[in-house]
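Report on the following structure.
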Amino acid sequence: MAILSKKDQGLLMDPLADNNPITIQVLGICSALAITAQLKASIVMALSVMFVLAMGNVVISLMRNIIPSKIRIIVQLIVVAALVIIVDQVLKAFAYELSKALSVFIGLIITNCIIMGRFEAFALGNGPWRSFLDGIGNAAGYGLILIIVGFFRELLGSGTLLGFKVLGDPIQKTGLYALGYEDNGFMLLSPMALIVVGIIIWIQRSRNTKLIEEN
Amino acid sequence: MEHVELFFKSIFIDNMVFATFLGMCSYLAVSKKVSTAVGLGAAVIFVLAVTVPMNWLLDQYVLRPGALEWLGPEYADYDLSFLSFILFIATIATMVQLVEIVVEKFAPSLYTSLGIFLPLIAVNCAILGGSLFMQSRDIATFGLAFNYGISSGIGWFLAILAIAAIREKIRYSNVPAPLRGLGITFIITGLMAIGFMSFGGMLTGGNDTDEDATKKLTTPQGEVSVQDDADEPIAEVKTTNNK
Amino acid sequence: MANTEKNSYTVIFAVVMVLVVGSLLAFTASSLKPTITKNEKFEKQQNILYAMGVNENVEGEAIFVPTDSVQAIFNKYIKEQLIIQNGKITKDSSAYLIDLKGQLKKDMEDRELPLFIGEKDKKDYYIIPMYGKGLWDAIWGFIALDENYVVQGVYFDHKGETPGLGANIKQRYFMDDFTGEEIMNDTKFTGITVAKGNNDPLNERKDDGKVDALAGATITGNGVTAMINSTVKLYIPYLKDLKI
């Protein structure tokens, strides 16, 4: 990590824990709830957001001195939407299978407030390289939560991980199911994602008591 | 009847917050006090009520395949639907900015109470979600689109009002310190969403629902009972087959 | 640097922005359109073939025939493509390109309903396209019937159902359950119901017209039920007479 100054390292590492976009900044919740029923979907979403956020941050950062402040929100939204649409069209033309798998996420990415939030809070006031790092760091922090939630929801909800039946076969009654274990279908529903994130916040804040809120 | 059904469906069954989990970020971040929650909720109702019908017009007369037919038959082949995201967003951001200017000018007192929430709304995914749902669910008329905008706004308003009230009360409870604030809000929202799922029974429960759903899909396109007249042309096919 | 707060600057910036982004998008869309259309065409052929059981499925996974040979395979297995319009049936070798969504919006008389007849191992398959709505957005698919109205296979796809929940309608374990169900009870059209509490997870009762619903995806499941029942119904009067 010699190429990165201490400050730059902070940009990458802080969002993973103490300044996590989901549990601290309250950004990007909708998608965290919508797609975490499966671990695979969580990983795909995390990677897509990382791409869009890093690219968008760089673009906005390059444009930061020429964007009129009165219409900056609309400019930011248009930049991200245009970016996503172009990527989507290119994928559709040259990697159709991949684009089919990603199509569900397109809308979720554009409406993801983590993207607007970071544009507004960071890219508008910092250079392209630091904005790029900020984008990668925040998307990683976001992805981390997504993957944790996805892991538990898929494991407890369908007894699989990335589609592999890790707990045995529920129909043939092998593995854990032979002992009378049942999948908790409730974990697949979105409200449980909220509760899992709540528990993650609980654990995080009991480890780092500085983060505890007043009331 | 259609209007009444859509109205209640959008508020309770398809509640933006509890059923589709849209607009969560501002919902969780701006729900500490009832008064601010009411301000934001009212702003969301207003913006949804304006942008959904506007985007409906855009969708109907510009974006969807064949929508440009009113310009002349040679335009009928254009399909601009790949622009829908960007145009919807542009409408929303423009409307939010316009509303901000108008309110500041003519109702300064409302502006001070609402003002800071307005820019927040542009990034609220419930707003864009409203327009996208309107598009994907094929809302049929302008009136219904307006109704849909208002009622989903009301649904969002009710949700944020409820959580703000709970958060004001929960201050007097002995919540474990690390859970205070955001943590407990997440968990309460989860529980509220589970509660709201019972409204889903109004839509999905009962035995004749499937029949209703079928009816809804078929009736606008005319009756399906063409069996009797079908004899003749089919004979034709048989002959072509024999050839 | 120009004063970025001035109104004139804002207006000029907005205009330039719109022009740049607009032309960029229009350029990408129009230059990629032929490739995208071709991809979509192949996908439709793959879907139709999948429904009649021409696919390269491996254990637990749905796999289409390869894209580069799909055209030839399609020509080999699909022996008729028909368009039904206002009771008249005509042959049309590009019927599979018809967008059912657009047709369903039209009046009954103007609708062009595509129907495909496939042949595999000396057996005829009637493949019907379907279109409906799930929880978030459109769902669509194809259903293959034999001459006794027994389902031989289905294919479902969706635009934006929840990954892990409603999106599982295109998983094999869901689609395979439809095979063997009957859509007619003697002469009455009954359709197929995606039922909760069917208590038949292995789908042992093949002919009860019910398949087991997906956990956590009630609305998508109801959408599938409605889609099958509403579109297949349109074809029933014609299938009756097409039977050889």
Side-chain angles (χ1 to χ4, degrees), chain A residues 33-42 44-45 63-72 74-75 78-79 81-83 85-97 99-101 103-108 150 153-154 157-158 163 165 170-172 183-190 192, chain C residues 1-14 16-18 20-22 24-25 27-40 42-43 46 60-61 63-64 67 135-137 157-168 170-171 173 201-203 214-218:
Chain A
L33 303 173
I35 49 105
T36 46
Q38 256 179 349
L39 186 53
K40 191 176 151 209
S42 315
V44 173
M45 182 72 184
M63 291 170 65
R64 70 187 186 280
N65 289 324
I66 59 164
I67 298 179
S69 63
K70 273 184 214 149
I71 55 166
R72 64 173 200 290
I74 182 168
V75 172
I78 285 182
V79 165
L83 198 69
I85 291 172
I86 290 175
V87 171
D88 177 46
Q89 297 267 333
V90 171
L91 283 180
K92 257 194 194 143
F94 301 112
Y96 196 71
E97 298 294 307
S99 90
K100 285 287 290 179
S103 65
V104 186
F105 300 95
I106 303 289
L108 283 169
R153 281 181 73 189
E154 189 177 345
S158 12
K165 298 192 170 89
I171 295 171
Q172 311 292 340
D183 285 330
N184 184 356
F186 215 54
M187 289 299 289
L188 291 175
L189 303 177
S190 297
M192 286 312 289
Chain C
M1 179 65 50
N3 178 11
T4 55
E5 294 305 311
K6 269 208 321 229
N7 278 343
S8 55
Y9 178 83
T10 309
V11 172
I12 294 170
F13 186 92
V16 173
M17 175 98 192
V18 167
V20 169
V21 173
L24 203 63
L25 282 178
F27 173 74
T28 347
S30 55
S31 59
L32 296 178
K33 187 130 202 218
T35 339
I36 295 178
T37 326
K38 201 177 78 203
N39 284 337
E40 284 171 351
F42 286 149
E43 192 201 0
Q46 286 172 326
E61 226 177 315
I63 298 176
F64 293 136
T67 321
L135 167 62
W136 302 98
D137 214 320
D157 208 340
H158 62 95
K159 193 166 170 202
E161 297 309 298
T162 322
L165 301 174
N168 286 350
K170 60 184 290 191
Q171 294 289 326
Y173 65 82
L202 295 173
N203 202 35
L214 294 162
T218 317

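Atoms considered below: every heavy atom in the structure, side chains included; atoms not considered: hydrogens, waters and symmetry mates.
- When each of V18(C), L24(C), T28(C), T35(C) is checked for heavy-atom pairs under 4.5 Å with chain A, T35(C) comes out on top.
- With a 4.5 Å cut-off on non-hydrogen atoms, E40(C) touches chain A through its backbone and its side chain both.
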For this session: Kindly determine whether I86(A) and F27(C) satisfy side chain to side chain contact (heavy atoms under 4.5 Å, CB included), including the steps that lead there.
Result: CA-CA 10 Å; I86(A) 290 175; F27(C) 173 74; over 6 Å; no
Exercise. Could you go step by step and tell me if M17(C) and I67(A) meet the side chain to side chain contact (heavy atoms under 4.5 Å, CB included) rule?
Worked result: CA-CA 10 Å; M17(C) 175 98 192; I67(A) 298 179; over 6 Å; no
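- Only the side chain of M63(A) comes within less than 4.5 Å of a heavy atom of chain C; its backbone N, CA, C and O stay farther away.
- Contact annotation for V75(A): both backbone and side-chain heavy atoms come within less than 4.5 Å of a heavy atom of chain C.
- The shortest heavy-atom contact between A93(A) and L32(C) is CB-CD2, 3.9 Å.
- Residues satisfying the side-chain contact (heavy atoms from CB on, under 4.5 Å) criterion with I12(C), sequence neighbours excluded, are V16(C).
- Among residues two or more places apart in sequence or in another chain, the salt bridge (Lys or Arg N to Asp or Glu O under 4.0 Å) test is passed with K165(A) by none.
- Here the CG atom belonging to D88(A) is positioned 7.5 Å from the CD1 atom belonging to I36(C), to the nearest 0.5 angstrom.
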For this session: Report the C-alpha distance between K92(A) and N39(C) in whole Å, list the side-chain angles of each, state the deciding distance to 0.1 Å, and finish with yes or no for side chain to side chain contact (heavy atoms under 4.5 Å, CB included).
Result: CA-CA 8 Å; K92(A) 257 194 194 143; N39(C) 284 337; 5.9 Å; no
